[in-house]
There are 2 protein chains.
Amino acid sequence: MEHRIDRIKKQLHSQSYKLTPQREATVRVLLEREDDHLSAEDVYLLVKEKAPEIGLATVYRTLELLSELKIVDKINFGDGVSRYDLRKEGAKHFHHHLVCTECGSVEEIEDDLLEDVEKIVQNEWGFQVKDHRLTFHGICKQCQAVTMNASS
Amino acid sequence: MEHRIDRIKKQLHSQSYKLTPQREATVRVLLEREDDHLSAEDVYLLVKEKAPEIGLATVYRTLELLSELKIVDKINFGDGVSRYDLRKEGAKHFHHHLVCTECGSVEEIEDDLLEDVEKIVQNEWGFQVKDHRLTFHGICKQCQAVTMNASS
DNA sequence: TTTATATTTATAATAATTATAGTTTAAGTT
DNA sequence: AACTTAAACTATAATTATTATAAATATAAA
């Protein structure tokens, strides 16, 4: 964890931003909850546990900053709130998501499944791809099992 | 156009909803501006030209309803507003988008480029895919040309 | 230490969306 | 055709997420 904090600190410094205590606390929350997809409000509440004096606006600004530096990705699953997701170290692209329409769970796929598709887009549409957002909606393994049980 | 209105009318009736004049006016706007990605506000202003007495809340409710019936898809390009996009007739899946980070233009791709990827997700993750959202961020043809001119 | 700048807190403002109350419209029934 | 009922509508208020502002604080540079 310290290693990653350190890297992020350097990324900030390289653009002459500082890693203030508030920003560090925010980053720590994101690292600790790496598998979740927290909203700004969620992050705020968690950061408050470490640093009760922090303001909501600071959390928003920090997330915005991290987002610009591509340290986090801002996503929207259509429920009206933005969610923030740490990029894996060294990842060029945003990872994919599997959203279950039954239970609402969100699973991540880190493999880049889109290399071929991006080539097609590049060649056939002349569009120079920089990044992507891919979300599948459907039924997760667990809910499939439940449904089968229920109907048997 | 009348043909598609008629189909939508039937889809509504089949779930015992009515195609009220307000709903019809809204659908007409969506059909006329099929290539655009209108926000609820955009739709409201356009519908007002046809039916000045319509209320914003009705537009929201209509879009929500059309969205539930999968007649339109609700998307979010990360600018804080939801946008509404008509599905092509008979399309099982949502189409893809190319969002240009330079000029903000949005292009559509109707081909389903994800069939192979969906098979992988299905087989390797056991996730039963029902639909997807795929957006590429990058630089469109036009902006690539401009950039090349500017730098030469 | 002094100065300048970046960042923060607390709060107000804005913008998108949703909820509510009362009214209108339409469909089905006698 | 009048009556009844439920759906849908308008107008507006309320809510929620996010952004902007002003004053205070912290940090780095001179």
Side-chain angles (χ1 to χ4, degrees), chain A residues 8-29 37-69 71-85, chain B residues 8-29 37-69 71-85:
Chain A
I8 290 170
K9 188 174 188 171
K10 281 177 191 143
Q11 279 179 271
L12 286 169
H13 284 167
S14 75
Q15 314 262 344
S16 53
Y17 293 111
K18 308 168 196 168
L19 184 66
T20 62
Q22 292 88 340
R23 285 176 183 166
E24 182 171 336
T26 305
V27 169
R28 279 183 192 280
V29 164
H37 299 85
L38 304 172
S39 67
E41 184 85 27
D42 294 337
V43 173
Y44 172 62
L45 293 173
L46 289 165
V47 173
K48 257 183 118 68
E49 292 175 8
K50 293 178 197 297
E53 73 291 353
I54 200 168
L56 177 58
T58 300
V59 172
Y60 268 101
R61 262 179 290 114
T62 301
L63 292 171
E64 190 57 36
L65 175 63
L66 294 173
S67 190
E68 274 164 32
L69 298 182
I71 294 166
V72 308
D73 284 299
K74 192 174 173 181
I75 20 169
N76 195 300
F77 291 132
D79 59 352
V81 294
S82 295
R83 298 179 177 279
Y84 298 85
D85 212 357
Chain B
I8 290 170
K9 189 174 189 173
K10 280 178 191 143
Q11 280 181 270
L12 286 169
H13 284 166
S14 76
Q15 314 261 346
S16 53
Y17 292 112
K18 309 168 196 167
L19 184 65
T20 63
Q22 292 89 342
R23 285 175 184 167
E24 182 171 336
T26 305
V27 169
R28 280 184 191 278
V29 163
H37 300 85
L38 304 172
S39 67
E41 183 85 26
D42 294 338
V43 173
Y44 171 62
L45 292 173
L46 289 165
V47 173
K48 256 184 118 69
E49 292 175 9
K50 294 179 196 295
E53 73 290 352
I54 201 169
L56 177 58
T58 300
V59 172
Y60 268 102
R61 263 178 291 114
T62 300
L63 291 171
E64 191 57 36
L65 175 63
L66 294 173
S67 188
E68 273 165 32
L69 298 182
I71 294 166
V72 307
D73 284 299
K74 191 173 173 182
I75 20 170
N76 195 299
F77 291 130
D79 59 352
V81 293
S82 295
R83 298 178 178 279
Y84 299 86
D85 212 357

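Keep in mind that what you see is a predicted model, and the values were worked out from it rather than measured. Note on naming: letters A, B, ... go to the chains in the order of the sequence lines (proteins, then strands), and numbering restarts at 1 for each one. What you see below is based on every heavy atom in this structure, not just the backbone, and it leaves out hydrogens, waters and symmetry mates.
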Could I get the full list of side chain to side chain contact (heavy atoms under 4.5 Å, CB included) partners for [X], not counting sequence neighbours?
| X | value |
| --- | --- |
| B:S82 | B:K74, B:N76, B:Y84 |
| B:K9 | B:H13, B:L19 |
| A:Q15 | A:Y17, A:L69 |
| B:R28 | B:M1, B:E2, B:I5, B:E24, B:E32, B:K50 |

Applying side chain to side chain donor-acceptor pair (under 3.5 Å) to A:D42 and not counting sequence neighbours gives A:S39

State which residues pass salt bridge (Lys or Arg N to Asp or Glu O under 4.0 Å) with B:E41; sequence neighbours excluded, sorted by chain then number.
->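 In terms of salt bridge (Lys or Arg N to Asp or Glu O under 4.0 Å), with neighbours along the sequence ignored, B:E41 is linked to no residue.
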
Residues that B:Y44 engages under ring-ring contact (aromatic ring centres under 6.0 Å, His included), provided they are two or more places apart |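 Listed in chain order: nothing, the list is empty.
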
Between A:T58 and C:dT8, does any side-chain N or O lie under 4.0 Å from OP1 or OP2?
->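 For C:dT8, OP1/OP2 do not have a side-chain N/O of A:T58 under 4.0 Å.
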
Ignoring backbone atoms, test whether A:Q22 places a side-chain nitrogen or oxygen under 4.0 Å from the OP1 or OP2 oxygen of C:dT9.
->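 So the side chain of A:Q22 is within the cut-off, an N or O lying under 4.0 Å from OP1 or OP2 of C:dT9.
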
Nearest-Å distance, [atom1] ([X]) to [atom2] ([N])?
| X | N | atom1 | atom2 | result |
| --- | --- | --- | --- | --- |
| B:H13 | D:dA7 | NE2 | P | 14 Å |
| A:I54 | C:dA10 | CD1 | P | 11 Å |
| A:L12 | D:dT27 | CG | P | 15 Å |
| A:Y44 | C:dT8 | OH | C1' | 13 Å |
| A:L56 | C:dT14 | CG | P | 18 Å |
| A:Y17 | C:dT8 | OH | P | 12 Å |
| B:R23 | D:dT10 | CZ | P | 11 Å |
| B:E53 | D:dT12 | CD | P | 15 Å |

Between protein and nucleic acid, restricted to nucleotides 13-17 of chain D and to nitrogen or oxygen atoms under 3.5 Å apart, what atom pairs and distances do you find?
none

With B:L38, the side-chain contact (heavy atoms from CB on, under 4.5 Å) member among B:V29, B:D85, B:L63, B:V72 | B:V29

5′-ward residue of the pair B:E64/A:T62 relative to DNA chain C |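 Between the two, 5'-proximity favours A:T62.
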
Under 3.5 Å between N/O atoms: give me all the protein pairs with nucleotides 19-26 of chain C, atom names plus distance.
none

Close side-chain approach of B:L12 to B:K18, heavy-atom, < 4.5 Å = no

